[in-house]
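Take a look at the structure below.
This structure is a prediction, so every number in the text was calculated from the model and none was measured.
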Amino acid sequence: MQFLTDYTWPVGLLTIFEHAHAKNTTFENRYFGPYDKLLNYCFGDSFTFYVAPQSPPRDDRQDAVDFMVFFVVFDNNDKPVMMVEVKDDDWAQKAELRHRADNLMRDRYALMLDECPTPRLWGLSLLGTSVRVYCGDKITYGVDPSAIPRPEPLKRVLPPTFLAEQWNMDILSQEGFTKMKEIVTDILAHTNNI
């Protein structure tokens, strides 16, 4: 698996993201191809894991803006080991959208954590290339980072700084590469694939 021996993201992958970012659109789907490529690079081209786009469950009561697919990395027993929610860069700029992104991840955990075959179900919330890393614990059923409650009263508009520093890592940075390597190594260690 080349990812585990590399020290930085490949130039070709960074170029794919540059092209996607340069597209004059505000739709998440401009990032779907690049993130599919990134995840397949991280988990190798064997048949041990596969990346699959997922549609939200039919009973999911989400707004129309949340209908887009998300990615799940499955092991070869069709069990989830990582969830990846991709939204456009604009989501990082608005408090309400950041709050929705956080809620989406927590909803995904509520539906998938019990199916995870490893001690932790990893999650990435990506707003463009800004990432917030989540980790669901199979023993406690807790999710880190903990939810930050919406300020009272609930009908109040969120202040612009709400969750502002939570997506402060760029997945394409060296820090992002190192974090992905840590996550993938953890998944591989608990699926006997190292």
[Y] and [X], any side-chain heavy atoms less than 4.5 Å apart:
X: Leu111; Y: Asp107; result: no
X: Gln174; Y: Thr8; result: yes
X: Leu39; Y: Phe71; result: yes
X: Asp89; Y: His21; result: yes
X: Tyr134; Y: Ser125; result: yes
X: Pro117; Y: Phe74; result: no
X: Phe177; Y: Ile171; result: no
X: Asn103; Y: Arg100; result: no

*asked:* According to salt bridge (Lys or Arg N to Asp or Glu O under 4.0 Å), does anything in residues 157-177 pair up with another residue at least two apart or in another chain? List the pairs.
replied: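 Applying salt bridge (Lys or Arg N to Asp or Glu O under 4.0 Å) to every pair that reaches into residues 157-177, excluding sequence neighbours, yields nothing.
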**Study point:** Pairs touching residues 115-134 that satisfy salt bridge (Lys or Arg N to Asp or Glu O under 4.0 Å), sequence neighbours left out
**Key:**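 Of all non-adjacent pairs touching residues 115-134, those that pass salt bridge (Lys or Arg N to Asp or Glu O under 4.0 Å) are Asp102-Arg132, Arg120-Asp186.
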| Parallel, tilted or perpendicular: which describes the rings of Tyr41 and Trp9, with under 30° parallel and over 60° perpendicular? |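 Because their plane-to-plane angle lies in the 30° to 60° range, the rings of Tyr41 and Trp9 count as tilted.
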**Worked check of side-chain contact (heavy atoms from CB on, under 4.5 Å) between Leu124 and Met180** = CA-CA 10 Å; Leu124 303 178; Met180 275 302 291; 3.6 Å; yes
**Q.** side-chain hydrogen bond (donor to acceptor under 3.5 Å, both in side chains) contacts in which one or both residues fall within residues 72-82, not counting sequence neighbours
**A.**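 The answer is Tyr50-Asp78.
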For [X], give me all partners under side-chain hydrogen bond (donor to acceptor under 3.5 Å, both in side chains), at least two apart in sequence or on another chain.
X: Lys181; result: none
X: Glu96; result: Arg150
X: Glu182; result: Lys179

Show, in sequence, the C-alpha distance, side-chain angles and deciding distance for Arg98 and Gln166, and conclude whether the side-chain contact (heavy atoms from CB on, under 4.5 Å) test is met.
CA-CA 9 Å; Arg98 290 188 301 266; Gln166 299 302 307; over 6 Å; no
Shortest non-hydrogen contact between [X] and [Y], atoms and distance:
X: Ala101; Y: Trp167; answer: CB-CZ2, 3.9 Å
X: Trp91; Y: Leu127; answer: CB-CD2, 3.7 Å
X: Pro151; Y: Leu158; answer: CD-CD2, 3.4 Å

Exercise for the section: Show your reasoning for whether side-chain contact (heavy atoms from CB on, under 4.5 Å) applies to Leu188 and Phe49. Expected result: CA-CA 10 Å; Leu188 293 175; Phe49 298 97; 3.3 Å; yes
| message | Suppose we call two aromatic rings close when their centres sit under 6.0 Å apart. Are Tyr35 and Phe17 close by that rule? | response |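 Ring centres of Phe17 and Tyr35 closer than 6.0 Å.
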When hydrophobic residues are tied together by side-chain contacts of less than 4.5 Å, even through go-betweens, does Phe43 share a cluster with Ile16?
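Looking at the clustering, Ile16 is in a separate group from Phe43.
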- prompt: Is the NZ atom of Lys138 crowded by more than 12 outside heavy atoms at less than 6.0 Å?
  reply: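 Yes.
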For a side-chain contact (heavy atoms from CB on, under 4.5 Å) check, start with the C-alpha distance between Val143 and Leu121, then their side-chain angles and the critical distance, and finish with the verdict. CA-CA 9 Å; Val143 176; Leu121 177 58; over 6 Å; no
Report task. Output yes when Arg30 and Asp88 qualify as a salt bridge under the 4.0 Å nitrogen-oxygen rule, no when they do not. Result ->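 Salt bridge between Arg30 and Asp88, a charged N being under 4.0 Å from a carboxylate O: yes.
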